[in-house]
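To start, the structure itself, in structure tokens.
Computed over heavy atoms, backbone and side chain alike; hydrogens, waters and symmetry mates excluded. This chain uses plain numbering: 1 for the first residue, then up along the sequence.
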Amino acid sequence: MSVDPAIMADLEGALAARDPVERGRAGERLADLFLARAPSLAEEHVAVFDEVLEKLVGDITFKARVALAERFADCPNAPRKVVREFASDHAIAVARPVLERCERLDLETLLSVAQVRGQEHLVAMARRRSVPAELSDVIVERGERRVVLVLAGNPGAAFSPDAAAILVARAQTDDGLARSVAERGDAFSGRFATLVAKARAHVRATLVGDGEDPDVVEALIDRIVGEIAVRGDKRTLIGQFAEPMASVQERAAENGLTELDALGALLDGKTAEALCVIAVMQGLPIEFIARAFHAATTAPILVLSRACDFRWRTVKQLLAAKLGRTMPDVLAEDARATYERLGPSTARRVLRQAIAKERGAKH
């Protein structure tokens with residue numbers, strides 16, 4: 001099907017304009033023309049408008065861009081390139097309508113925006129009628145609490161197992177998040193509530209501070225012993241620590257060791273050396289420290305760090321070394337809350353009793 005000659009004339013006239021102001025006005029007129037004819041336009045006609053409008057929207061005034069974004073957001077056949085440009089606009093007033101409501105945005109565009117734009121863009125995407133799991137992953141990882149609350153309460157949001165695990169971890173100490181999911185009233189909310197209840201019960205049984213019930217301390221010891229990596233894991237073989245351990249022991253004999261020795265090693269990418277520092281500072285076998293570092297969860301690392309009374313900056317570097325990347329903000333917040341609830345003397349007692357329990361199990 002050929003394009004209507006009248007439409008072609010309007011398109012050519014818009015492109016012929018040289019002055020930016022004139023081009024902006026031409027773009028507005030062309031957008032009005034498109035919206036007036038949109039219900040009867042075939043996809044090939046939409047593509048022609050899209051090619052021209054994409055070249056003109058940059059000259060349209062900010063006020064007009066905001067107004068057009070609102071109108072295009074609800075247009076079933078909105079020009080794809082134009083709404084993609086609006087979606088990635090730094091100005092949230094332009095981006096919000098299409099991020100929240102436009103069905104013409106593809107997943108690739110949404111992911112690109114989610115990875116580089118700020119919290120207002122994330123919360124707009126969290127409100128979409130349908131949020132695929134791939135997009136939820138990015139929003140959960142990058143979003144602040146208010147963003148995650150909106151996403152969690154959106155019945156159209158799907159979650160991957162990883163994102164669901166992050167939400168469960170966050171909900172252990174965030175009743176607002178637990179309520180947001182519960183209000184969805186769907187199958188996911190039911191499963192989520194069960195997982196959070198179990199997680200909270202586990203936390204109550206294992207997170208302790210100085211002066212806690214001995215039975216609870218024993219539960220934490222059992223958890224650490226049960227979670228550390230199995231002997232024989234290649235990552236924990238003692239031979240790889242011989243050289244860094246010799247260096248660390250020499251430094252300890254000459255000047256003593258401090259937290260800065262561990263932090264410096266971590267910042268230099270020398271994880272083995274940092275683990276040797278922890279082993280020497282606590283007087284514990286490096287093989288035990290290595291297995292704790294490579295445990296299935298981060299709990300043993302938090303206990304090790306608290307025993308050394310490290311500042312959070314150092315702990316965060318140690319967690320990043322374990323994960324191979326920076327820990328997502330929502331998980332880091334939960335880890336920090338756990339860390340700060342655990343007393344240094346309790347952590348040291350847990351480590352020593354965990355080692356004693358291991359040794360007793362071998363005999």
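- Using a 4.5 Å cut-off on side-chain heavy atoms (C-beta onward), Val148 and Ile139 make no contact.
- Contact annotation: the side chain of Leu30 never approaches that of Phe34 to less than 4.5 Å [non-hydrogen atoms, C-beta and beyond].
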- Test side chain to side chain contact (heavy atoms under 4.5 Å, CB included) on Leu149 and Arg145 and set out the steps. CA-CA 6 Å; Leu149 284 176; Arg145 179 177 183 271; 3.3 Å; yes

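- Of the possible polar contacts, none joining the Ser305 side chain to the Leu302 backbone as a donor-acceptor pair under 3.5 Å is found.
- For the atom pair NE2 of His121 and CZ of Arg142, the computed distance is 10.5 Å after rounding to the nearest 0.5 Å.
- The closest donor-acceptor contact from the side chain of Thr298 to the backbone of Ile301 lies at 3.5 Å or more, if one exists at all.
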- Item | Audit row: Arg311, Glu259, side chain to side chain contact (heavy atoms under 4.5 Å, CB included) steps and yes/no | CA-CA 8 Å; Arg311 292 170 298 175; Glu259 177 181 353; 3.5 Å; yes

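- By the rule that hydrophobic residues join a cluster once side-chain heavy atoms approach within less than 4.5 Å of another member, Val138 and Leu107 end up as members of one cluster.
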- I would like to know whether Ser136 and Leu151 meet side chain to side chain contact (heavy atoms under 4.5 Å, CB included); could you show each step before the answer? CA-CA 8 Å; Ser136 291; Leu151 181 70; 3.9 Å; yes

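- Counting heavy atoms from C-beta outward, Glu85 and Arg80 have side chains that stay 4.5 Å or more apart.
- Proximity of a side-chain donor or acceptor of Arg127 to a complementary backbone N or O of Val150 within less than 3.5 Å is not detected.
- Across all their heavy atoms, Ala91 and Phe62 have their closest contact at CB-CE1, 3.6 Å.
- Other residues, nucleotides and ligands contribute over 12 non-hydrogen atoms within 6.0 Å of the CD atom of Glu43.
- Linking ILVMFWY side-chain heavy atoms closer than 4.5 Å, directly or via other members, places Val83 and Val116 in two distinct hydrophobic clusters.
- Salt bridge annotation for Arg251-Asp261: present, with a cationic side-chain nitrogen under 4.0 angstrom from a carboxylate oxygen.
- With hydrogens and angles disregarded, no donor-acceptor distance shorter than 3.5 Å links the side chain of Lys322 to the backbone of Leu318.
- The structure places CH2 of Trp312 at 8.0 Å from NZ of Lys316, a figure rounded to the nearest 0.5 Å.
- Using a 4.5 Å heavy-atom threshold, the side chains of Val315 and Arg336 count as separate.
- A donor-acceptor pair is defined here as one N or O able to donate and one able to accept, closer than 3.5 Å; no such pair exists between the side chain of Asp89 and the backbone of Ala95.
- Using a 4.5 Å heavy-atom cutoff, the side chains of Val82 and Phe49 are not in contact.
- Rounding to the nearest 0.5 Å gives a distance of 10.0 Å between CZ of Arg29 and CG of Leu56.
- Of all heavy-atom pairs between Leu135 and Leu111, the closest is CA-CD2, 3.7 Å.
- Across all non-hydrogen atoms, the minimal contact from Ala321 to Thr271 is CB-OG1, 3.8 Å.
- A salt bridge does not link Arg84 to Glu108: none of the charged nitrogens lies less than 4.0 Å from a carboxylate oxygen.
- Considering only heavy atoms from C-beta on, Arg128 comes within 4.5 Å of Leu105 through its side chain.
- In this structure, CG in Leu351 is found 5.5 Å from CZ in Phe288, a value given to the nearest 0.5 Å.
- Put simply, the side chain of Arg117 reaches to within 4.5 Å of the side chain of His90, judged on heavy atoms.
- None of Met125, Glu120, Gln119 except one satisfies the side-chain contact (heavy atoms from CB on, under 4.5 Å) rule with Val123; the exception is Glu120.
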- Begin from the C-alpha positions of Arg306 and Arg341 and carry the test side chain to side chain contact (heavy atoms under 4.5 Å, CB included) through to its verdict. CA-CA 10 Å; Arg306 200 54 166 153; Arg341 284 196 293 267; over 6 Å; no

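- Under the 3.5 Å distance criterion, the side-chain polar atoms of Asn154 are matched with a main-chain donor or acceptor of Gly156.
- Using a distance-only test at 3.5 Å, with no hydrogens or angles considered, a donor-acceptor pair links the side chain of Arg65 to the main chain of Val57.
- In plain terms, the two heavy atoms of Val147 and Ala126 that are nearest each other are O-CB, 4.1 Å.
- Here the straight-line distance linking atom CZ of Phe72 with atom CZ of Arg104 works out to 11.0 Å at 0.5 Å rounding.
- The two residues Ala274 and Ala262 make their nearest non-hydrogen contact at CB-O, 3.8 Å.
- How far CZ of Arg348 is from SG of Cys308: 8.5 Å, rounded to the nearest 0.5 Å.
- Using a 4.0 Å cut-off between a side-chain N of Lys or Arg and a carboxylate O of Asp or Glu, Arg71 and Asp74 do not qualify as a salt bridge.
- Other residues, nucleotides and ligands place more than 12 heavy atoms under 6.0 Å from the CZ atom of Arg146.
- At a threshold of 4.5 Å between non-hydrogen side-chain atoms, the residues Phe86 and Leu99 do not count as touching.
- Closest approach of Gln282 and Ala307 over heavy atoms only: NE2-O, 3.2 Å.
- Under the 4.5 Å side-chain heavy-atom criterion for Ile, Leu, Val, Met, Phe, Trp and Tyr, Val113 and Ile92 are members of distinct hydrophobic clusters.
- Every side-chain contact (heavy atoms from CB on, under 4.5 Å) that Gln317 has, sequence neighbours left out, goes to Leu263, Leu266, Leu267.
- In summary, Arg129 and Glu103 engage in a salt bridge, as defined by a charged side-chain N under 4.0 Å from a carboxylate O.
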